[in-house]
Amino acid sequence: QVQLVESGGGSVQPGGSLRLSCAAPGYLSGAYCMGWFRHPPEKGREGVAALYTSSGTTYIADSVKGRFTISQDNAKNTLYLQMNSLKPEDTAMYYCAAAPTYQGRDCHLAFRVKSWGQGTQVTVSS
């Protein structure tokens, strides 16, 4: 399976924005559930956003709803996570993830991941 490669992480002040990118060649043209998970320090992993590539249907966690947006650009083979109004509690390692899905029936925030990216760090601090 082709590797997922994240980029776009960094340090930002509260209220700032970042856009994470996930290079995903071969995924967006197929039937995949793709998403972003995060792992804050000393906390469990959390699914923050998911997307069914065939329909574009998206799922957003309540903790980031209204602030984060997941999207895909098929021409660039890239999955994005636009993060606005960032808060210190958004500090975490963010991972891109993917899994094949049948008609998106098992695509949700906690989908069973088959492929992981290496992660990109997001730090929100004043």
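With hydrogens and angles ignored, the 3.5 Å screen pairs a side-chain donor or acceptor of Arg67 with a backbone N or O of Ser85. A donor-acceptor contact shorter than 3.5 Å links the side chain of Thr53 to the backbone of Gly30. No side-chain donor-acceptor contact under 3.5 Å links Thr123 to the backbone of Ser11. Gln118 contributes a side-chain N or O that, together with a main-chain N or O of Glu6, makes up a donor-acceptor pair within less than 3.5 Å.
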Subject >> From CA spacing to verdict: side-chain contact (heavy atoms from CB on, under 4.5 Å), Val122, Leu18 >> reply: CA-CA 9 Å; Val122 172; Leu18 284 173; 3.9 Å; yes
**OP:** Evaluate the salt bridge (Lys or Arg N to Asp or Glu O under 4.0 Å) criterion for residues Lys87 and Asp90: first the C-alpha distance (whole Å), next the side-chain angles of each, then the deciding distance (0.1 Å), finally the verdict.
**Re:** CA-CA 5 Å; Lys87 304 176 180 180; Asp90 294 319; over 6 Å; no
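Val113 and Tyr95 fall within the same hydrophobic cluster, defined by Ile, Leu, Val, Met, Phe, Trp and Tyr side-chain heavy atoms under 4.5 Å apart, directly or through other members. In the hydrophobic clustering of ILVMFWY residues, with side-chain heavy atoms under 4.5 Å counting as a link, Trp116 and Met34 come out apart.
Evaluation of the disulfide bond (SG atoms under 2.5 Å apart) test over residues 72-126, restricted to residues two or more places apart or in two chains, returns Cys22-Cys96, Cys33-Cys107.
Residues forming a side chain to side chain contact (heavy atoms under 4.5 Å, CB included) with Arg105 (at least two apart in sequence, or on another chain): Tyr102, Gln103. Thr57 meets the side-chain hydrogen bond (donor to acceptor under 3.5 Å, both in side chains) test with Ser55; sequence neighbours excluded.
For the atom pair Leu79 CG and Trp36 CH2, the distance stands at 6.0 Å (nearest 0.5 Å). To the nearest 0.5 angstrom, Lys43 atom NZ is 9.5 Å from Thr91 atom OG1.
Taking the ring centre of Tyr94 as origin, the terminal cationic atom of Arg38 falls outside the region bounded by 6.0 Å and 45° from the ring axis.
Residue Ser29 comes nearest to Gly26 through the heavy atom pair OG-O, 3.9 Å, listed as atom of the first residue, atom of the second, then distance.
In this structure, the ring of Tyr32 has its center less than 6.0 angstrom from the ring center of Tyr27. Separation of the Tyr59 and Phe111 ring centroids does not fall under the 6.0 Å cut-off.
For the residue pair Thr78 and Asp73, no side-chain donor N or O sits within less than 3.5 Å of a side-chain acceptor on the partner. At a cut-off of 3.5 Å, with distance as the only test, a side-chain donor of Glu46 or Ser63 sits close to an acceptor on the other residue.
A heavy-atom distance below 4.5 Å is not found between the side chains of Asn84 and Thr69.
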